[in-house]
Asks: 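Please read through the structure below; I'll follow up with questions.
Residue numbers start at 1 and run along the sequence shown.
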Amino acid sequence: MAGLAVALGVGGSLLIDDIVERVNDRLLAASVRSIAETLSIEDGQPSVDLPPFSLGMLEDNARDNVYYSVRRGAEVVTGYTGLPEIAPHGVPDKQVVFGQGVYRGMPVRIIAEGHRLPHIADPVVVVVAETLGAREHVTQRLQRGLVMLEVILVGCAAVLLPMVVRWGMKPIVALGREMDNRATLDMTPLPVSDLPQEMRDLGRAFNRMLVRLDASFQNMRRFT
């Protein structure tokens with residue numbers, strides 16, 4: 001039972017981490033895409049009209065910090081400088097890359113989406129990074145719920161298991177009581193229909209032994 005609880009805990013924890021990461025990565029992808037859709041060219045340079053909702057969709061109670069940048073090659077056109085580089089060789093057009101990094105002393109989840117703009121040789125990459133407070137908060141809440149569920153399941157099993165064992169042993173206890181109450185030379189076969197399916201073969205084997213004993217006693221009587 002303990003092994004099953006540990007396996008359930010480990011598997012559930014891994015599943016929670018995967019779900020939380022997938023959900024939050026989709027929000028990051030939507031945010032970077034909303035910024036990328038406003039890319040344009042002004043005076044031969046990339047320009048972006050940052051939509052208010054593009055970073056607002058990442059707001060949460062954990063007060064995560066959100067950073068963005070638009071790069072042309074190695075040059076930051078707009079946004080925060082010094083964001084970790086997760087795609088040093090560039091990002092293909094309309095493709096996204098996820099990664100982890102540290103920015104301003106905080107671990108961040110980063111997404112980069114590449115774009116090719118007309119008349120601009122260097123690739124343009126839109127980057128959005130988010131600190132991990134919300135992810136960790138949600139993960140911890142779900143893991144606490146999983147632990148509580150495991151405690152309840154183990155507690156219920158500990159209470160119910162003895163009752164189930166006693167209920168399952170009732171036919172065997174009744175059979176033993178009947179054997180104790182029999183006369184010494186009573187070789188009548190024992191009833192096996194009330195036994196659990198797993199015990200019926202044993203009961204039939206015991207009855208066959210009673211038949212052999214009865215035959216031996218009869219032979220001894222005749223000899224005497």
Asks: Could you grab the distance from atom CD of Glu21 to atom CZ of Arg135, nearest 0.5 Å is fine?
Replies: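 Glu21 atom CD to Arg135 atom CZ measures 6.0 Å (nearest 0.5 Å).
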
Asks: What distance do Tyr67 atom OH and Arg104 atom CZ have between them, rounded to the nearest 0.5 Å?
Replies: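 These two atoms lie 5.0 Å from each other.
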
Asks: Minimum heavy-atom separation for Ile86 to Phe98, with atom names?
Replies: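 Closest approach of Ile86 to Phe98: CD1-C, 3.9 Å.
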
Asks: Can you see which heavy atom on Val91 is nearest to which on Gly114, and at what distance?
Replies: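 Looking at all heavy atoms of both residues, the shortest contact is CG1-N, 3.4 Å.
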
Asks: Can you tell me how far apart CD1 (Ile16) and CZ (Arg144) are? Round to the nearest 0.5 Å.
Replies: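 Separation between the atoms: 11.0 Å.
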
Asks: State the CG-CG distance between Leu15 and Leu142, to the nearest 0.5 angstrom.
Replies: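 Rounded to the nearest 0.5 Å, the CG-CG separation comes to 9.5 Å.
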
Asks: Quick one: does Val125's side chain get under 4.5 Å of Val70's, heavy atoms only?
Replies: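 No. Closest side-chain heavy atoms not under 4.5 Å.
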
Asks: Can Val124 be reached from Val97 by stepping across I, L, V, M, F, W or Y side chains whose heavy atoms are under 4.5 Å apart?
Replies: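 Linked within one cluster.
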
Asks: Testing the basics here: between His115 and Ala36, what is the closest heavy-atom pair and its distance to 0.1 Å?
Replies: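 Smallest heavy-atom distance, with atoms named: NE2-CB, 3.1 Å.
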
Asks: Any chance you could measure Gln143, atom CD, to Met148, atom CE, to the nearest 0.5 Å?
Replies: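 If I round to the nearest 0.5 Å, the distance is 15.0 Å.
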
Asks: Are Ile35 and Val76 connected into the same hydrophobic cluster when the rule is that any two of I, L, V, M, F, W, Y join if their side-chain heavy atoms are below 4.5 Å apart?
Replies: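 The answer is no; the residues belong to distinct hydrophobic clusters.
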
Asks: So, does Ser31 use its side chain to make a donor-acceptor pair with the main chain of Leu27 at under 3.5 Å?
Replies: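 Absent.
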
Asks: Using a strict 4.0 Å threshold on nitrogen-to-oxygen distance, state whether Arg22 and Asp17 make a salt bridge.
Replies: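 So Arg22 does not pair with Asp17 through a salt bridge.
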
Asks: I'd like to know if Tyr80 and Val66 are part of one continuous hydrophobic network [Ile/Leu/Val/Met/Phe/Trp/Tyr, side-chain heavy atoms within less than 4.5 Å].
Replies: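 Same cluster.
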
Asks: Starting from Ile110, can I reach Met106 by hopping between I/L/V/M/F/W/Y residues whose side chains sit under 4.5 Å apart?
Replies: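 Per the 4.5 Å side-chain linkage, Met106 and Ile110 are not co-clustered.
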
Asks: Side-chain contact test, heavy atoms from C-beta onward, threshold under 4.5 Å: evaluate it for Arg109 versus Asp25 and give yes or no.
Replies: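 Yes. Closest side-chain heavy atoms under 4.5 Å.
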
Asks: Would a distance-only check, ignoring hydrogens and angles, find a side-chain to backbone donor-acceptor pair under 3.5 Å from Asp18 to Leu14?
Replies: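 No, Asp18 side chain to Leu14 backbone: no donor-acceptor pair under 3.5 Å.
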
Asks: So, Thr131 side chain and Asn65 main chain: donor-acceptor pair closer than 3.5 Å or not?
Replies: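 Judged by distance alone, yes, a pair lies under 3.5 Å.
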
Asks: List the atom of Ala29, the atom of Ile111, and the distance in Å for their closest heavy-atom pair.
Replies: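 Result for this residue pair: CA-CD1, 3.4 Å.
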
Asks: Considering all heavy atoms of both residues, which atom of Gly101 and which atom of Pro84 are nearest to each other, and what is their separation?
Replies: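 The pair with the smallest heavy-atom distance is CA-CG, 4.2 Å.
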
Asks: Tell me whether Glu85 is salt-bridged to Arg71, with the criterion being a basic N under 4.0 Å from an acidic carboxylate O.
Replies: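 So Glu85 pairs with Arg71 through a salt bridge.
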
Asks: Same cluster for Leu28 and Ile19 if Ile/Leu/Val/Met/Phe/Trp/Tyr side chains link at under 4.5 Å?
Replies: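 No.
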
Asks: When rounded to the nearest 0.5 angstrom, what distance separates CD in Glu75 from OG1 in Thr81?
Replies: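 Glu75 atom CD to Thr81 atom OG1 measures 12.5 Å (nearest 0.5 Å).
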
Asks: Return the minimal non-hydrogen interatomic distance between Pro162 and Ala157, and the atom names on each side.
Replies: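 Heavy atoms of Pro162 and Ala157 come nearest at CD-O, 4.4 Å.
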
